[in-house]
Amino acid sequence: MTQRRILVTSALPYANYQLHIGNMLEHIQTNFWVRFQKLRGHKCVSLCADDTHGTAIMISAQQQGIREEELIARMQKAHIDDIAGFDAEYDNFGSTNSPENRALCQEIWAAIRKAGLVVEKEVTQLFDPKAGTFLADRQVKGTCPKCGARDQYGDNCDKCGATYSPADLVDPKSAFTGATPEVRGAVHLFIQIERLHRFLAEWTQSGEHLQPEVANYLAGHFLHEPLRDWDVSRPAPYFGFEIPDSPGNYWYVWFDAPIGYMASTRQWCDAHGEAFDDWWRSEATEIHHFIGKDITYFHTLFWPAMLHSAGFSLPTKVHIHGFLTVGGEKMSKSKGTFIRAATYLEHLDPAYLRYYYASKLGPRVDDLDLNLDEFITKINSDLVGKVVNLASRTAKFVEKTGLAAEYPDDGGLFAQAADEGQTIAEAYEQCDTNRAMRQIMAIADRANQYVEHAQPWVLAKDPAKARQLQDICTVGLNLFRQIAVYLAPVLPRMARQTGELLGRPISHWDEAQTPLLGTPVGRFQHMMTRVDKKQVDAMIEASKQPDESAAVVPAGQPEQGSSSIDSDQPLADVPLAPMCSFDDFQKVDLRVARIVAAEDVPEANKLVHLTLSLGGDKRLNVFAGIKSAYKPEDLVGRLVVCVANLAPRKMKFGTSEGMIVAAVGEGGKSLSLVAPDQGARPGHRVQ
RNA sequence: GGGCCCGUAGCUCAGCGGUUAGAGCAGGGGACUCAUAAUCCCUUGGUCGGUGGUUCGAAUCCUCCCGGGCCUACCA
């Protein structure tokens, strides 16, 4: 197979919000595809960045009393952490507010100017005098002039469907400041993309670059009539890049956002000694964009038009996915189904969601529903019951002998699964992961049947049949390894664990073609725990708190009037302990742990019996004196900080192997568990 | 108002012109005990949303209707 050069992007998250599990759908889908291509041995680079410009960012920063740069820097860290938490990292994660992006915007702008596509027009718009900024239609709310419904957006009425301009609203208010907007005129710059109509019609309808339903949508919706000029400038003040040849005007956020793909590429190239033009001006390189259906036209009309005008490569394919619903409905903050990525990670293993998405995603634009009951049964029966169980039921029989030196007769099972690698690969290539998952699970079903009929547990009792036993487990483990290879794009951690178990890392798709023989087998360790409904419930519960500041955590500004907002009483009650050395501190090994089980100890006054997980299958049994402040059922799934190397202590109700850390005040009455900030995972050291 | 997608067993879906419509999960019965109460075997269950057509033959193609979802409605 010839090595392809593939550049892959996900849509740039806006720096005004934290990622939720709907956003993660895209990062995870992209990651499946990227990992698949890399596993196939192709040269594949994945890129993303934060989209940082626009009025909304400016206003958020204003409201928080910080500079825009500070706001976007914080959010970028949060985004990168969330994405990494789901094992979906990019080769480079940049920002549209970067020098690379500014330079590329200028280059593309100059080319579009040179092509004579830019015209100026006067635009009247509502202006927020309090924020000092122009407002888009959706940033104005007021009473519908037709039916009198209140609180409607400036473009149309949800209630009666009337359309109007924001200036028609009765009693209009700025959505940001509540101020009454004024009508003002300003000159905007437009790109006449109608001049590229023929090119766009050809490119979108060629059948190669877009899903058929998307091509139809564009044909029926935009391309059947002249394309309107695209307004690409905004007057100051605007957080973004000023247009060099039009002082006082800034590029509209949707002009510089897609260029962020290129800017991120440039950063990656600079860091890896690669030539930028090899990626964006080369016939030999494929460019794949993964986006949500809400931003279709930007990526299928404007973006190709920009690239075409500036002489860059066009996207090979734009992969468009639908939205995520939870329980068949739009995500809802009040129902707890608006689940932030960070909240999910505090309660559940990222592998679960990765597999669930893989088992539901197809090549079409359909929405994907997260049904929580289905989520639980899918993980438990497919991954734990079928797949992991295969290794779990065979590995220990060959722990001492290792795998057989020759591959035994398995009735053609391995060969069949090896053949199926072809169709599974095609499914991945087409983003039809649900088809791939179905085929992989069929292999697991066959493998379990094989083990069942071969009855290794019977052979294990007869030393004379050791050879036969080894053969059977060699088959079972090799089938398992094939599955792990095929699942590697979805479940990278399981692939790694499989590599460790069998002493050979999984690094290429073709490793599913040849059985592994004569190698030692390690001690089997649990690769995945089953999902407990309680964990899911706890996550929903934790998501219910109305979280208006889905934006950045505000800087801890002390309140006015006092130099400190906090009382000095606690410190006076319990004075500081004598100074200790760094080495003293290092003796105490504090770790992040997840409470995986919590039970009341009825006979005890203060104690709750906790099982802590430090990740993997490392567990600590702890009796914690927190009964006064916490109910056991509220604790399951939470992350806490524990003293992990405390000498075990026998207690009346059992042995306690550690302590969890809590803040204690007012004579031991006020008790608050210390919880790590987002990004922390069980096993991380606290220092 | 315009457009797109979807409607197959209780649930999630596959099949997309050709023998008596399939899978997983759930339900029922049995087996096994190596395995994270996992696994294996057997089994209940569908007039493929409705209607009218095309065809020797339709879940599969076309009409219309009903139901569900989504996107749009001039700075897209």
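Remember, it's a predicted structure, so these values are computed and weren't measured experimentally. We name chains A, B, ... by the order of the sequence lines, and we start the count at 1 in each one.
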>> As a test of reading the structure: which of B:C5, B:A76, B:G69 is closest to the side chain of A:R228, going by heavy atoms?
In response: B:A76

>> Of the listed nucleotides (B:C75, B:U36, B:C25), which one gets closest to any side-chain atom of A:K386?
In response: B:C25

> Which distance, rounded to the nearest 0.5 Å, do you find between the CG of A:N434 and the OH of A:Y357?
Replying inline: 15.0 Å

> Checking ring pair (Phe, Tyr, Trp, His ring centres under 6.0 Å) for the pair A:Y261/A:H299: CA distance, chi angles, key distance, verdict?
Replying inline: CA-CA 12 Å; A:Y261 297 141; A:H299 284 82; 5.8 Å; yes

>> Within the 4.0 Å heavy-atom criterion, would you say A:M437 contacts the bases, only the backbone, or no part of the nucleic acid?
In response: nothing

> With a non-hydrogen cut-off below 4.0 angstrom, is A:F190 in contact with a base, only sugar-phosphate, or nothing?
Replying inline: nothing

>> By the 4.0 Å heavy-atom rule, please label A:Q125 as base, sugar-phosphate, or nothing.
In response: base

>> Regarding A:K396, tell me which of base, sugar-phosphate or nothing describes its non-hydrogen contacts under 4.0 Å with the strands shown.
In response: sugar-phosphate

> Which nucleotide in the set B:C32, B:C75, B:A76 lies at the smallest distance from any side-chain heavy atom of A:D231?
Replying inline: B:C75

>> What contact category does A:R530 fall into here, base, sugar-phosphate, or nothing, at under 4.0 angstrom with non-hydrogen atoms?
In response: base

> With sugar-phosphate meaning primed atoms plus P, OP1 and OP2, does A:N389 contact a base, only sugar-phosphate, or nothing at under 4.0 Å between heavy atoms?
Replying inline: base

>> Students often get this wrong, so: under 4.0 angstrom with heavy atoms, is A:F323 touching a base, only sugar-phosphate, or nothing?
In response: sugar-phosphate

> Is there ring stacking between A:H526 and B:U36, where the centres must be under 5.5 angstrom apart and the planes under 30 degrees?
Replying inline: yes

> If you check every side-chain atom of A:R234, which of B:A35, B:C75, B:C40 has the closest atom?
Replying inline: B:C75

>> Does A:H321 form a ring pair (Phe, Tyr, Trp, His ring centres under 6.0 Å) with A:F290? I'd like the steps, not just the answer.
In response: CA-CA 8 Å; A:H321 63 257; A:F290 285 81; 8.1 Å; no

>> Heavy atoms only, 4.0 Å cut-off, all strands: where does A:V388 land among base, sugar-phosphate and nothing?
In response: base

Protein-nucleotides 12-16 of chain B N/O pairs under 3.5 Å:
residue	atom	partner	partner atom	Å
B:U12	O3'	A:K360	NZ	2.9
B:U12	O2'	A:K360	NZ	2.8
B:U12	O2'	A:E374	OE2	3.0
B:G15	OP1	A:R435	NH2	3.1

> Looking across every strand, which nucleic acid part, if any, lies under 4.0 Å from A:W230 by heavy atom: base, sugar-phosphate, or nothing?
Replying inline: sugar-phosphate

>> Applying a 4.0 Å non-hydrogen cut-off, can you work out what A:M528 is touching in the nucleic acid: base, sugar-phosphate, or nothing?
In response: base

>> Please convert RNA chain B into dot-bracket. A pair counts if it is Watson-Crick or G-U wobble with both distances under 3.5 Å; crossing pairs go in [ ] and bases paired with another strand get |.
In response: ((((((((.[[[[.)..(...]]]].(((((.......))))).....[[.[[..)....]].]])))))))....

>> Checking contacts here: which listed nucleotide (B:C40, B:C25, B:C5) is nearest the side-chain heavy atoms of A:S381?
In response: B:C25

